[in-house]
Amino acid sequence: MTITLNRLCVSTVMCYLRNILTFLFLAGIATASWAEQREFNLTIDEVAIEVAPGFTNKVFAFNGQVPGPLIHVKEGDDVMVHVSNNTTLPHTIHWHGINQTGSWQHDGVPGFTQEAIQPGESYTYKFNVDRPGSLWYHCHVDVWEHVAIRGMWGPIIVDPKNPSALEKEVTLDAILMLSTWQSPYASVYGKGGSPQDVSDYFSVNAKSFPFTQPIRVKKGDVLRMRFYGAGDETHQMHMHGHDMLITHKDGYPLASPYYVDTVPVGPGERYDVIVKMDNPGLFIMHDHVDKHMTNNGASMGGPMTVFEYEGVKMNDWYTWKNKVYDPNFFYSVSLTQGYGLFNSAPFMGKIVEQGKRRR
Amino acid sequence: MTITLNRLCVSTVMCYLRNILTFLFLAGIATASWAEQREFNLTIDEVAIEVAPGFTNKVFAFNGQVPGPLIHVKEGDDVMVHVSNNTTLPHTIHWHGINQTGSWQHDGVPGFTQEAIQPGESYTYKFNVDRPGSLWYHCHVDVWEHVAIRGMWGPIIVDPKNPSALEKEVTLDAILMLSTWQSPYASVYGKGGSPQDVSDYFSVNAKSFPFTQPIRVKKGDVLRMRFYGAGDETHQMHMHGHDMLITHKDGYPLASPYYVDTVPVGPGERYDVIVKMDNPGLFIMHDHVDKHMTNNGASMGGPMTVFEYEGVKMNDWYTWKNKVYDPNFFYSVSLTQGYGLFNSAPFMGKIVEQGKRRR
Amino acid sequence: MTITLNRLCVSTVMCYLRNILTFLFLAGIATASWAEQREFNLTIDEVAIEVAPGFTNKVFAFNGQVPGPLIHVKEGDDVMVHVSNNTTLPHTIHWHGINQTGSWQHDGVPGFTQEAIQPGESYTYKFNVDRPGSLWYHCHVDVWEHVAIRGMWGPIIVDPKNPSALEKEVTLDAILMLSTWQSPYASVYGKGGSPQDVSDYFSVNAKSFPFTQPIRVKKGDVLRMRFYGAGDETHQMHMHGHDMLITHKDGYPLASPYYVDTVPVGPGERYDVIVKMDNPGLFIMHDHVDKHMTNNGASMGGPMTVFEYEGVKMNDWYTWKNKVYDPNFFYSVSLTQGYGLFNSAPFMGKIVEQGKRRR
């Protein structure tokens with residue numbers, strides 16, 4: 001459109017006309033349309049995060065955090081993202097679930113849709129968001145390391161133009177990105193993720209129990225949880241005490257939703273579940289892959305949370321009785337704050353010093 | 001109730017009265033109510049079971065057996081279970097699929113809903129069964145060892161108040177609990193199940209082929225199989241010669257059942273399938289994860305069975321030609337015997353001697 | 001029909017009438033019928049295939065190729081297959097998805113439905129194909145080696161009598177058989193596939209990137225892809241830029257198809273997806289199990305392809321700019337050539353010399 005209009009601008013009169021046309025065109029977008037232009041910045045930095053007690057891992061972190069910042073937009077929005085690679089290795093960003101209609105060059109696959117973004121370089125992605133749902137973004141360079149064990153992923157939530165009646169009932173939202181870690185490579189960039197390597201820590205939103213957080217609810221809440229298979233193994237998320245209705249697969253609504261108490265979430269997949277919180281108490285949710293419930297075999301750990309109902313008395317021996325609560329650990333607060341890109345301080349890592357960057 | 005009434009029986013007249021009261025009480029159950037009170041006892045013992053030829057594993061066994069006894073109740077029943085821990089390590093019981101409506105303290109999660117049951121101690125769980133389907137119970141302490149490789153699980157079948165037309169057609173029921181073993185820890189309590197450990201035996205109802213059993217059917221049978229992911233890996237159950245209709249996931253009926261010939265059963269999950277047995281012959285069913293079909297790489301093994309139709313002639317070379325048949329290996333007999341808790345002698349292990357308990 | 005007609009037979013005249021009606025009815029079936037007799041030959045040979053650059057694996061190959069030849073038939077056909085075992089180990093063929101109605105002895109399970117076909121011996125399988133869909137054939141002897149890491153599998157496509165409206169729209173067909181390899185056993189027949197062994201190469205149609213091929217399409221194509229879990233791990237196939245509609249599971253049509261961008265394909269399973277190719281560009285599809293995207297940890301590899309739309313300009317840095325294209329890599333050409341058995345020269349291996357056969 002802009003290009004077409006610019007061609008009109010060959011004389012002053014025509015330029016004036018162009019400006020009027022441009023104004024009317026943009027005004028038309030503003031009044032007649034839900035779609036908006038969104039412009040975001042993402043850096044990629046080398047930082048270290050503490051995944052579990054005593055276990056710190058060097059990561060490539062979007063805006064310095066793992067998981068990456070929430071990108072919250074609406075179906076139909078035009079999005080522009082400026083990416084700066086401040087790390088020592090090349091990267092790209094693939095926008096998983098964005099169909100890139102008419103914009104395949106922005107799909108983020110090195111050697112196929114673009115050349116990788118080299119250390120110190122920047123790149124701008126532009127695309128229209130024509131698919132609603134639970135999407136995400138992640139690096140597409142050396143995925144067995146960068147995605148599987150270096151935390152290069154973050155959520156994109158695209159609100160649908162026409163949510164279902166059940167979706168409209170949701171009172172509380174949570175995002176749960178499940179992933180894997182390999183402690184032998186925790187401090188060695190450029191290695192790990194080979195078929196012979198063994199993942200030994202497992203996490204939700206990059207933390208293993210007891211570093212995870214509860215989900216505080218009240219009776220009557222309608223909770224939507226969006227599970228992401230962000231790492232390299234399948235997680236079997238089992239919620240106690242409630243019926244989970246699977247409503248979406250990979251962001252697509254199911255014609256025939258179904259109830260489960262255990263949802264298998266494999267690498268790359270997303271499952272949305274909606275749960276009526278009608279059973280006050282303290283109920284846990286955890287990965288039913290038993291070995292995922294330890295931190296490197298040494299103690300109880302892994303992707304686990306507790307649903308803490310308002311008003312339920314906690315016993316003295318309750319493990320999280322004195323837990324310092326972060327209401328945004330599952331992005332629940334950010335998701336209520338309109339559209340945009342939302343950084344999250346608690347997910348920030350500590351900058352890896354230059355001299356210590358390389359092995 | 002019975003105990004209370006028995007206390008009345010201190011004279012002939014009172015005994016007569018008791019009998020009349022008992023009759024009226026039981027008649028009342030029959031006419032006015034479907035829900036009942038059920039009271040069960042479970043011990044946890046240290047025994048050793050022979051999983052495969054030459055492979056014996058120390059387990060923590062409910063009532064001395066693996067899998068644990070069948071608990072068969074009706075939707076709406078009130079259940080009380082007295083648990084005695086006769087082992088050297090702490091345990092709890094989580095009732096997987098029971099929603100614990102109003103009874104979250106009975107959910108069986110150590111440090112969250114209760115303190116673990118210490119060696120020598122007892123504990124009583126009470127809950128209402130308000131969800132029908134294929135449920136189960138398992139320990140929730142150190143699950144990577146106790147659930148993944150020590151056999152601490154058993155089935156709970158909750159009959160629905162309103163079964164579907166297809167469910168009413170079922171003529172034969174089978175329960176198949178799939179799981180994993182790690183022979184390096186077979187005789188060492190308190191170890192195993194870490195991310196680095198490798199499962200090397202795979203079983204259905206705690207036996208690997210050839211220790212498994214056939215399922216004997218006749219043409220016209222409608223067979224329901226309930227698959228449980230009780231161990232730590234996903235099993236891909238492939239039935240030969242028949243169409244399996246998946247009707248339930250985790251005990252919940254599917255709005256849109258679908259046919260498969262291979263059903264993936266991950267840790268924590270249950271799938272009910274209903275199969276019209278209309279193809280006389282000898283057809284096997286097995287895990288299609290190929291490595292699961294060996295016993296520690298040494299020979300053919302794993303979770304496998306054969307559907308043996310009545311009247312089919314067995315060849316001389318048929319592997320199970322002289323098999324000693326146990327019609328209750330898949331709980332098929334117990335499931336026809338009304339409601340209650342059903343121990344199963346063939347699943348019983350041998351008591352581990354005290355002096356040999358610890359490594 | 002027969003029952004209804006039998007009710008007519010209450011007098012001699014009526015019985016005569018019934019017989020005429022029965023004859024006409026059966027004649028109608030015979031003249032209007034679509035079923036045919038098909039007779040095929042399969043050898044099993046010891047050959048070596050190059051799976052990835054620098055990685056050659058000894059296999060047991062049907063007609064000398066991996067994957068095996070396409071068998072393309074129609075629902076209702078009668079099939080006869082003569083098998084000759086030219087290898088040094090015993091084999092059978094199981095026809096995965098063929099129900100073997102009335103022909104259980106042809107199900108191909110050694111020790112259960114037949115004795116294994118010894119080296120140098122032949123065997124003939126006969127069965128009716130009464131189930132349409134994406135079926136396959138594979139060895140059933142020592143599956144942890146022969147199926148998991150020796151390539152003993154090939155596709156059977158059975159066209160349905162009554163395809164759905166959407167199936168009729170398909171303009172391009174592709175078969176993708178996903179599998180695993182273990183390089184330590186690449187040249188050692190009779191070993192590998194144990195629970196402790198680690199798969200280190202991953203492939204589609206027995207090739208790892210960059211030895212895989214693109215799928216060339218034009219805008220408006222309706223592409224059906226049939227994914228097969230032929231090896232020993234679950235693959236998470238993620239297609240970029242398009243909506244995949246899962247229409248069939250294990251060859252059975254789903255009553256409620258659903259969209260995904262990532263389809264989990266476990267061992268033994270098949271998923272049919274139909275995709276409207278409406279987004280010109282270069283979009284990749286790959287396994288989202290990150291470790292599957294390397295060739296033994298050394299470089300980018302694994303089961304990957306690119307959808308290359310007609311007319312899209314390729315950049316100079318495009319990885320496959322000078323790729324020699326094989327339009328039949330996904331059996332797309334063979335599938336347009338009517339019914340029969342279709343060998344595929346590019347899948348042929350090199351004969352293993354007798355003296356080098358044994359370790």
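Naming: A, B, ... by sequence-line order, numbering from 1 per chain. Because the structure is a prediction, the values reported are computed rather than measured.
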Q: Compare all side-chain heavy atoms of B:H240 with those of C:Q100 and state whether any distance is below 4.5 angstrom.
A: no
Q) Do C:E269 and B:V260 come close enough that some side-chain heavy atom pair is under 4.5 Å? A)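 Contact flag for C:E269/B:V260 side chains = no.
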Q. How far apart are the C-alpha atoms of C:F112 and B:M314, what are their side-chain angles, what is the distance that settles it, and do they pass the side chain to side chain contact (heavy atoms under 4.5 Å, CB included) test?
A. CA-CA 9 Å; C:F112 294 86; B:M314 293 173 184; over 6 Å; no
Q: Heavy-atom distances under 4.5 Å only: say whether B:H242 touches chain C with side chain, backbone, both or neither.
A: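 When you check distances to chain C, only backbone atoms of B:H242 fall under 4.5 Å.
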Q. Using 30° and 60° as the class limits, which term best fits the ring planes of C:W136 and B:H288: parallel, tilted or perpendicular?
A.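 Taking B:H288 first and then C:W136, their aromatic rings sit tilted (interplane angle of 30° to 60°).
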Q. Distance-only, no hydrogens or angles: does the B:D290 side chain make a donor-acceptor pair with backbone N or O of C:V147 under 3.5 Å?
A. no
Q. If only atom types and distance count, is the side chain of C:D107 paired as donor or acceptor with the main-chain N or O of B:F283 below 3.5 Å?
A.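 Side chain of C:D107 to backbone of B:F283, a donor-acceptor pair under 3.5 Å: no, none is there.
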Q. Side-chain donor-acceptor pair under 3.5 Å between C:Q196 and B:N296, yes or no?
A. yes
Q. Do B:N279 and C:N99 have a side chain donor and acceptor closer than 3.5 Å?
A.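 No, C:N99 and B:N279 have no side-chain donor paired with an acceptor closer than 3.5 Å.
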Q | Salt bridge present between B:D261 and C:K249 (N-O < 4.0 angstrom) | A | no
Q: Check each atom of C:T180 against the heavy atoms of chain B and say whether the ones under 4.5 Å are side chain, backbone, both or neither.
A: neither
Q) Relative to chain B, which segment of C:H106 carries a heavy atom at a distance below 4.5 Å: side chain, backbone, both, or neither? A)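 It is neither, since no heavy atom gets under 4.5 Å.
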Q) Can you pull out the residues in residues 215-223 of chain B with any heavy atom less than 4.5 Å from chain C? A)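 Interface residues of residues 215-223 of chain B: none, nothing closer than 4.5 Å to chain C.
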